[in-house]
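One structure below.
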Number of protein chains: 2
Amino acid sequence: MVVYAGQGDPRRSIELLWRASVAEQRPGPKPGLSVDAIVDAAIEVADEQGMAFSMRAVGERLGRTAMALYTYVPGKNELVDLMYDRAMAELPASYPLDDGWRSAVTCWAHDLWEFYSRHPWMLQVSQARPVLGPHEFAVIEALAAILVSTGLPGRELRGIVGAVNYFVRGAAQTVAEARAAGNATGEGDEEWWYARSAVLLEIEPDLEHRFPMLHVLESDREPVDPELPYLENDAVENFRSGLKVLLDGIEGAVAKP
Amino acid sequence: MVVYAGQGDPRRSIELLWRASVAEQRPGPKPGLSVDAIVDAAIEVADEQGMAFSMRAVGERLGRTAMALYTYVPGKNELVDLMYDRAMAELPASYPLDDGWRSAVTCWAHDLWEFYSRHPWMLQVSQARPVLGPHEFAVIEALAAILVSTGLPGRELRGIVGAVNYFVRGAAQTVAEARAAGNATGEGDEEWWYARSAVLLEIEPDLEHRFPMLHVLESDREPVDPELPYLENDAVENFRSGLKVLLDGIEGAVAKP
DNA sequence: TTGCGACTCCTTACAGCGTAAAGTAACCTT
DNA sequence: AAGGTTACTTTACGCTGTAAGGAGTCGCAA
């Protein structure tokens, strides 16, 4: 199940995201935790266990019970929002345009790609409605800043920003989830693929005739890096050539009216 | 949480996907259900309640308990695989090339886009490892058949197929999940956005100065269809202009070596 | 005809989840 | 010192997927 963003109290969520809380002197025992500590711990747990991490697990990592977290954070959904935005702080806020926009967009995409593979759970936070946190803004701002330099109008920019974003996210999802599934079952990509394709060919012997174009699609394959596992190699290759096509398309839009 | 595909017994899964079961005469009571009936019911439930549907809900729709389903299907993961592939049977297996590949790809993308908005839960099935069902194959085969006509080599085709696929999926995710979130909270997009942007501007008054490029990105906006809600309109516009860029990129690859 | 074995479907049960509610102990203000 | 506020715990509820075992139904061989 995907976790949907922004379902709680808007004011509370946004105040947390922008850390707009005033640290006044108050009665009662000193807080032993903090929102930041909780978010950091939750990110660590999610990096290890995926998005199916539990509030109990986060609490345990901090030496508390699950319920202790609810003093700082309204619920798991809001915590995920905070994790999402905080993790994005890892990404650069701007990219130099010295080598032109094309190179800058490539860097942006590459950084985001690597970021997703460090934090695969990010890919399971719904993208529908933005979290509206400062770092999410900064990441899009960085891409927008590059693309604005092409002089394209807002209407086209929005489509391009979306396309680049979707592309990186999608491509990252492919490797990230392949890796996650591999880890979960303990079998690497090769074994997974081998076991299934063997059964598949046995049950449906004339696969190649039923889907001849898929066969064409599989042709002309050569490993980019023999160190990497099967599907991952595939994904890297597809990422490169797909991004190239995308950039060519932008270039076309820049050249023509 | 995203549902990962293909974690169970490979043979059992693939036999179910390709309906390779022999309906022999067997002892015991006549089956009151069938895999198809269960998959259909599950799709109906998922269309209504999203990917967080429960086995109990599916059983109830069929007048059975949850455990009755386990006679036909090994578990929820495998059921999701079957739902995924069966739903894809709705999509055309081929597209005419009479108006050229560009028009055909546009149709393919549009159909898939509409398909995802009919079955938003599809977007939450992991894409990492293909489900390897006949209809999933058919959908990719249809796109591949169009693109093979451009004469591009396999290496480039893979990147393009990936990019188009990711793009449609990503764009669809944006609307689908926006709609889902809206339904869940009962508030439409406008109210959602209004409530949050107001609080945001109150807490962070100089947003425009902190993220000037986002402001550029928001310029030049005009509603495509005033009937549609805010975010959805946005998504449709982005889909069109993003797809155009993508197609231009492919055209570039076709023209140049 | 009878009994066996395979089969469908049910009930019960368990461990895990997010979190509501209530209780306890710590601390500041008056 | 009293009272109010807060941090955190314990307990509990309803939900989830599914393991285990039992009840009833049917085909077939003896």
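The chains referred to below are lettered A, B, ... by the order of the sequence lines, with proteins before strands, and numbering in each begins at 1.
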Would you check if B/R61 and B/F53 make a side-chain contact, meaning some heavy-atom pair closer than 4.5 Å?
->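 No, their side chains stay 4.5 Å or more apart.
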
Atom pair distance, as rounded to whole Å: [atom1] in [X] and [atom2] in [N]:
X     : N      : atom1 : atom2 : value
A/L62 : D/dT9  : CG    : P     : 10 Å
A/L69 : D/dT9  : CG    : P     : 9 Å
B/R64 : C/dT11 : CZ    : C1'   : 16 Å
B/L79 : D/dT16 : CG    : C1'   : 15 Å

Return the orientation label for the A/F211 and B/F137 ring planes: parallel under 30°, perpendicular over 60°, tilted otherwise.
->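 Perpendicular.
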
Just by distance, do the side chain of A/Y72 and the backbone of A/I38 share a donor-acceptor pair under 3.5 Å?
->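 No; zero donor-acceptor contacts below 3.5 Å.
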
Within the distance-only criterion (no hydrogens, no angle test), does the side chain of A/E136 pair as donor or acceptor with the backbone N or O of A/Y84 below 3.5 angstrom?
->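 Checking the backbone N and O of A/Y84 against the side chain of A/E136, no donor-acceptor pair under 3.5 Å is found.
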
Tabulate atom names and distances for all N/O pairs under 3.5 angstrom spanning the protein and nucleotides 24-27 of chain D.
unit_1 : atom_1 : unit_2 : atom_2 : d
D/dT25 : O2     : B/P29  : N      : 3.4
D/dC26 : O2     : B/G28  : N      : 3.0

Distances for protein N/O vs nucleotides 17-21 of chain D N/O pairs under 3.5 angstrom?
unit_1 : atom_1 : unit_2 : atom_2 : d
D/dG17 : OP1    : B/F53  : O      : 3.4
D/dG17 : OP1    : B/M55  : N      : 3.4
D/dG17 : OP1    : B/K76  : NZ     : 3.1
D/dG17 : OP2    : B/M55  : N      : 3.0
D/dG17 : N7     : B/R56  : NH1    : 2.8
D/dG17 : O6     : B/R56  : NH2    : 3.2
D/dT18 : OP2    : B/Y70  : OH     : 2.5
D/dT18 : OP2    : B/K76  : N      : 3.0
D/dT18 : O5'    : B/Y70  : OH     : 3.3
D/dT18 : O4     : B/R56  : NH2    : 3.0

Phosphate OP1/OP2 of C/dC10 contacted by B/T65 side-chain N/O (<4.0 Å) =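 Result: yes.
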
Roughly how far, to the nearest 0.5 Å, is the CE atom of B/M213 from the CD atom of B/E218?
->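 B/E218 atom CD to B/M213 atom CE measures 14.0 Å (nearest 0.5 Å).
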
Taking atom [atom1] as the centre, does [X] end up with more than 12 heavy-atom neighbours from other residues, nucleotides or ligands that are less than 6.0 angstrom away?
X      : atom1 : result
B/E48  : CD    : yes
B/E208 : CD    : no
B/E44  : CD    : yes

Base, sugar-phosphate, or nothing for B/A68, non-hydrogen atoms under 4.0 angstrom?
->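 Result for B/A68 = sugar-phosphate.
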
